[in-house]
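Note that the structure is predicted; figures quoted are calculated from it, not measured.
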Amino acid sequence: MKSLLRAVLSVLLLAGGTLPAVAAPAPVPAPQAAPAPPAAADAPWTPPLSTRGRYIVDARGERFRLRSGNWDGAQGSWNGSGDRNDPATHHAGQDSHGIPLGLDRVALPALLADFRALGLNSVRLPFSNEMLHTTAPVPDSAVAANPALRGRTPLQVYDAVVSALTDAGFAVILNNHTGSTRWCCGLDGNERWNSGRSTAQWADDWVFLARRYRDNPRVVGADLYNEVRRDTWDDPNWGLGDAHDWQAASQEAADRILTEANPDLLIVIEGINWTGIPLDGLAHGRPTLTPVRTLSHTLVVSDKLVYSAHFYGYTGPHHSGATGLGETHDPRYQDMTPAQLQQTLYDQAFFVSAETGTHFTAPVWISEFGIGADESAAAPRAWFQNFTGDLAASDADFAYWPLVGWSTTAQGAPGGDSWAMLRYDATGRRTGVLDAADWRTAPWTALATAPGRTGPVPAGPSWYQLDTSHRDHVASLRTRAAGDWDTGARKAVCPDGARLAGLSHTGGYGLCTTSDLRSPAGGQTVVRDEAYVPAGGDWAGGYTKFQCPAGQFLIGYSERGERVSAALCAPARTALATTGGRTVWFDRGDNRPAGAGGGDFASGHYKGQCTASEYAAGIAFTTRVGSRPSPAALLCRTLPAA
């Protein structure tokens, strides 16, 4: 039974990866006149990039929409069996030699000119962990059109590509696509970030690479891992606290990158690509970003989070992409009506950017989608038209897969990857989306030139979720620098520039909102008893009250088991009220103000929250027998006038 299960999974999951098997391409058409490049691609921008609500912005606060392509190759191309020196054993017959494709056929300046003509302003640049540690130089044939790169290791070639892209004005997002230099995806040993390595070793590699490019400001992002999915026996998860917890691992790596390597990088976190066994009658599916609604990320640099998702027509919300043996009866994206597709995209990804003012609100980057130039079936073509239309209508950030491929084999026969936007023969002759003969040209041009928000994006209130379910969640760099303020307890602290606004009765969840209330002079107070409750100021009779000292407000809390262990308070930059306020109880039901921001920050748990015009000044709980010793009430006081 186990061997049968492995065989079924191999068939299904190998079919459900980034791309389907590549059919024999049609003869290469004669090149056509290229359409005019979209003017928007040349709009000036100033690094570093950050986020404001659902938008990515540059250093001036101007919207920067990622119009990207995936320049693959450095993540590996070998299919996993046969002689690695035989191009036939590589994806689409293209041996990338572990470096970006096309360097054997086209000089870098010409490649970048073609990228610009497509209307791109950014490139997602995949790599493998193996590439980072490979010391052998690439063969001269792999860089035949760029002889200056001869004798370099794959990482040194990657360095040169990064420099060329950024010197030409492109933003570069580094993407950890695979662990080994083997073509993704399926049961390939690259299913999880820690397949073949520990989470700490994976994060170490990220710190190494982020440090390598930290002096290049146009290296703007770290896309942490590609298409996290089930291996033969186990699923990844989002929030269970074990070794397969992608939410926790991505939080850990992100915070290490921002604190140890480069605080200016965008952190791109993709949803889960697949869980379960894809057989009718068994639970299976593509969670994508749906778990973000209940459990989001709060990073130590709070304006750097971008979520991402991938969509291909031949897959579906519960369809692996398999055909024939093991194919389930779930719909593919290309089987959906335009209305169904639009709703599904919203439910799986676009809600994150569309629902503003929540703890999960962030930009969403559709960092992979694509289709073949030789696709002739009506349903896939209609899907691509509808999908690119949805991207345009949603003003979404996007990245096509793949950007570069071959159009002939090394011997000059038709071959290579028909999905590539730009295809080059052995002499460097180009065909693809820049040629009118390619049916994808019209929908791509419509997307690349689609109007969207431009100009300044005003800063507004942001909301952040804290979670101590399995570990500390100290999102404040200032608090981290001060050391462990409650040893042995699970601790949560709002990011710098935020204050605590809400707590859950159970589950260990907190809600923070942006605030300039904290004094720049620093300092913090750990409150473990009622020392700061004034005489006559019992705001929660019969309950233990951890109240901030006069002039301070709540930024964090800690718990031992369910029991409240301490409150963490910070001094305000201006005078705060020392009396008054109201008690917000939430031990017997939700108690949140009407229209409260932040969304449901503790799904399935009772929660309480101060209003936007209040700050939290204390936490109350009880240790009575038969009662939960978890947070039961907040003391909310009116904020001082601006």
Are the charged groups of D234 and R192 less than 4.0 angstrom apart, N to O? no
Are the side chains of Q251 and L299 in contact, using a 4.5 Å heavy-atom criterion? yes
Rounded to the nearest 0.5 Å, what separation is found between the CG atom of L511 and the CD atom of Q465? 8.0 Å
Whether R212 and D159 form a salt bridge (side-chain N of Lys/Arg under 4.0 Å from carboxylate O of Asp/Glu) is what I want to check. yes
Given the side-chain rings of Y532 and F546, with only the six-membered ring counted for Trp, is the space between their centroids under 6.0 Å? no
In terms of side-chain geometry, is the basic nitrogen of D590 or R592 positioned less than 4.0 Å from the acidic oxygen of its partner? no
Validation row: L174, D223 side chains within 4.5 angstrom (heavy atoms): no
Is D472 salt-bridged to K491, cutoff N-O under 4.0 Å? yes
Under 3.5 Å side-chain donor-acceptor pair for S558 and D486: yes
Nearest 0.5 Å please: distance from the CG atom of N175 over to the CG atom of N226. 5.5 Å
Residues in ring pair (Phe, Tyr, Trp, His ring centres under 6.0 Å) with Y213, at least two apart? none
Within-4.5 Å side-chain heavy-atom neighbours: F621 and P631: no
Tell me whether the rings of W238 and Y307 are parallel (<30°), tilted (30 to 60°) or perpendicular (>60°). tilted
Is the Lys NZ or Arg CZ of R490 less than 6.0 Å from the centre of Y557's six-membered ring, within 45° of the axis? no
Tell me every residue that passes ring pair (Phe, Tyr, Trp, His ring centres under 6.0 Å) with H244, counting only those two or more places apart in sequence or in another chain. none
Those residues that, when tested against Y615, pass ring pair (Phe, Tyr, Trp, His ring centres under 6.0 Å) (two or more places apart): none
Whether R218 engages the ring of W45 as a cation-pi pair (distance to the six-membered ring centre under 6.0 angstrom, angle to the ring normal within 45°) should be assessed. yes
Is a side-chain donor-acceptor pair under 3.5 Å present for T358 with E355? no
Check whether any side-chain heavy atom of W246 sits under 4.5 Å from a side-chain heavy atom of I269, and report yes or no. yes
Mind checking the CG-OG spacing from L66 to S68? Nearest 0.5 Å is all I need. 4.5 Å
Lys/Arg-Asp/Glu bridge criterion (N-O < 4.0 Å) met for R628, D587: no
State yes or no: are the ring centers of W585 and Y606 separated by less than 6.0 Å? no
Under 30°, 30 to 60°, or over 60°: which ring-plane class applies to Y509 and H605, parallel, tilted or perpendicular? tilted
When you check the gap from the basic side-chain N to the acidic O, do R293 and D600 get nearer than 4.0 Å? no
Begin from the C-alpha positions of F64 and W365 and carry the test ring pair (Phe, Tyr, Trp, His ring centres under 6.0 Å) through to its verdict. CA-CA 12 Å; F64 184 85; W365 184 33; over 10 Å; no
Would you call the rings of Y225 and W202 parallel, tilted or perpendicular, where under 30° means parallel and over 60° means perpendicular? perpendicular
With a 4.0 Å cut-off, would you call E368 and R124 a salt bridge? yes
If you measure only the distance, is there a donor-acceptor pair under 3.5 Å linking the side chains of D205 and Q201? no
